[in-house]
Protein chains: 2
Amino acid sequence: MAGRAAVPEVIWTRPERAGRGPKAAYNRADIAAAAVRIADAEGLDAASMRHVAAELGCGTMSLYNYVPRKEDLYELMVDAVSGEHELWEPSGDWRADMLRVAHQTRALMRRHPWLPRLMSPVYGFSPHALRYLEHCLGCLDSFDGTYGTKFELIAMLNGLVTTYVGNELATAERARSLPWSEEQEGAMRIAYLGGQVAGGAYPRLAAAFAEDSGPIDLEAVFERMLLRVLDGFAPRG
Amino acid sequence: MAGRAAVPEVIWTRPERAGRGPKAAYNRADIAAAAVRIADAEGLDAASMRHVAAELGCGTMSLYNYVPRKEDLYELMVDAVSGEHELWEPSGDWRADMLRVAHQTRALMRRHPWLPRLMSPVYGFSPHALRYLEHCLGCLDSFDGTYGTKFELIAMLNGLVTTYVGNELATAERARSLPWSEEQEGAMRIAYLGGQVAGGAYPRLAAAFAEDSGPIDLEAVFERMLLRVLDGFAPRG
DNA sequence: CGTAGTTACGTACGCCGTACGTAGTGCGCT
DNA sequence: AGCGCACTACGTACGGCGTACGTAACTACG
């Protein structure tokens with residue numbers, strides 16, 4: 001059997017080290033940590049095999065002894081930061097607990113802005129992901145419903161948080177690679193939008209534009225959206 | 001002022017063609033259509049500047065006369081398929097209309113599996129996106145709330161659909177680049193999950209695994225999730 | 001003690017986005 | 001009418017990427 005098997009495998013099923021041969025100089029945790037450090041500091045695209053290898057202090061191709069494909073490096077990264085989820089003894093109030101989970105997930109994603117882009121159900125089987133899922137299910141012990149429904153609740157909240165934070169950060173991440181500032185970009189788009197709307201083709205958008213909504217409180221919007229999802233599963237009052 | 005300005009601009013503000021010089025051989029619609037054709041057939045990553053140019057029958061760098069950056073090609077693609085949204089006279093029942101919108105969006109994304117990956121608020125100002133937004137607002141005329149709330153509703157539904165279809169398709173898109181089949185991959189992960197869960201570290205996951213849920217009807221799950229979001233804005237009954 | 005399986009890693013291939021330079025074209029101006 | 005310039009077209013080249021492959025050193029197992 002060749003080193004790079006042509007047979008389906010999840011990276012977690014691969015033994016971390018083998019018996020024979022020279023001692024391995026690194027381990028998955030080191031590698032994931034290095035990749036996370038780079039992605040946090042310079043963005044996800046900077047976390048290339050070459051960069052990560054350099055950060056570890058080894059040759060590029062040596063990395064492939066630990067990580068068969070780039071995709072698996074991503075999986076290691078997601079698992080690593082999933083370990084940062086704080087777990088606690090469920091309070092018995094599943095609404096409060098799930099709200100807390102969502103807020104923590106948002107904080108996690110703001111600490112690691114590349115995380116929303118990598119969030120995928122494909123990575124949902126990593127050790128830390130399983131631990132996190134088990135915790136959510138624990139929080140939902142007081143929820144009256146099947147496990148199927150509980151999974152749907154968890155998925156909807158996770159999806160919402162991922163989308164929301166992803167949108168919050170998309171402009172910023174994008175701005176990194178632009179020759180002008182994020183403020184300029186935003187102003188530009190607002191100006192363009194104003195011009196389009198002024199043309200009269202979009203009466204409701206024009207009305208919305210004119211509506212005096214006051215300053216937008218992103219925290220409040222986030223909280224409202226979470227509550228609406230929870231309400232979809234069990235209305236308050 | 002040089003051809004590639006270092007000043008903020010949205011591609012939509014650039015005049016499509018200038019007065020001077022030779023006639024332009026192509027236009028944005030052609031280019032977007034070519035890119036969409038390639039992405040539909042071979043995946044998003046195949047829609048490179050080189051491929052699109054070849055599909056059009058011109059040199060790679062000629063594309064840059066029409067599309068200043070790769071990112072803008074993406075924006076053209078999203079706008080092009082956004083034009084496929086069917087618009088109709090609102091029925092007066094905003095719940096029914098928004099459900100219909102969501103289902104159409106899902107169908108659109110299944111026709112163009114790369115779309116979820118490109119969905120970004122950054123592209124929300126394109127001509128077809130504005131038309132779509134205006135349509136949604138029309139459907140929500142019968143909804144009692146501020147435009148701010150209406151935007152939140154639209155954003156939540158769009159986010160949900162994007163996430164849901166993205167998850168549906170992530171495995172398939174991923175399978176394209178793997179040396180083994182999607183079925184094998186799935187079976188592999190299930191087997192691994194079973195092994196982990198059998199270890200006893202995840203009692204609730206084990207219980208969930210054991211729960212006899214019958215076959216999962218993805219259509220029904222999707223519909224339920226949509227209804228839950230709508231319920232979050234105005235419970236039925 | 002050989003040998004098979006591993007680690008380490010340099011080289012090389014074929015992609016990618018795109019900066020830059022050059023040549024040709026035809027509108028708008030004087 | 002004719003000049004100039006903005007524009008199109010596009011070849012070449014650079015620095016990145018993921019990763020296939022080959023080679024040399026090393027060690028645990030038979």
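Order of the sequence lines sets the chain letters (A, B, ...), proteins ahead of strands, with each chain counted from 1. Computed over heavy atoms, backbone and side chain alike; hydrogens, waters and symmetry mates excluded.
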Please state how far atom [atom1] in [X] lies from atom [atom2] in [N], giving the value in whole angstrom units.
X       : N      : atom1 : atom2 : answer
B:Ile31 : D:dT8  : CD1   : C1'   : 12 Å
A:Leu56 : C:dT7  : CG    : P     : 15 Å
B:Leu63 : C:dA19 : CG    : P     : 14 Å
A:Asn65 : D:dA25 : CG    : C1'   : 13 Å

Task: Partners passing ring pair (Phe, Tyr, Trp, His ring centres under 6.0 Å) against B:His51 (at least two apart in sequence or in another chain) - done: none
Task: Pairing residues for A:Tyr164 by the ring pair (Phe, Tyr, Trp, His ring centres under 6.0 Å) criterion, not counting sequence neighbours - done: A:Phe222
Residues two or more places apart in sequence or in another chain: which of them pass side-chain hydrogen bond (donor to acceptor under 3.5 Å, both in side chains) with [X]?
X        : value
A:Gln196 : none
B:Glu219 : B:Arg106
A:Lys150 : none
A:His103 : A:Glu223

Hey, what are the protein-to-nucleotides 24-30 of chain C N/O distances that come in under 3.5 Å?
none

TODO: Could you check whether A:Ala53 gets within reach of a base, just the sugar-phosphate, or nothing at all, counting any heavy atom under 4.0 Å?
DONE: nothing
- [ ] Determine, for nucleotides 11-18 of chain C in 5'-to-3' order, which nucleotides have protein heavy atoms under 4.0 Å from the base (write B), from only the sugar-phosphate (write S), or from neither (write -).
- [x] B----BBB
Open item on the list: Check this one for me: any side-chain N or O of A:Tyr66 less than 4.0 Å away from OP1 or OP2 of C:dA8?
Closed with: yes
Task: Phosphate contact (D:dC10 OP1 or OP2) by B:Ser62 side-chain N/O below 4.0 Å - done: yes
When the side chains of residues 28-36 of chain A are checked against the rest of the protein, which donor-acceptor pairs come out under 3.5 Å, sequence neighbours left out?
unit_1	atom_1	unit_2	atom_2	d
A:Arg28	NH2	A:Ile11	O	3.3
A:Arg28	NH2	A:Arg14	O	2.8
A:Asp30	OD2	A:Asn27	ND2	3.3

Task: Verdict with reasoning, B:Trp114 to B:Asp40, per side chain to side chain donor-acceptor pair (under 3.5 Å) - done: CA-CA 7 Å; B:Trp114 43 269; B:Asp40 284 350; 2.7 Å; yes
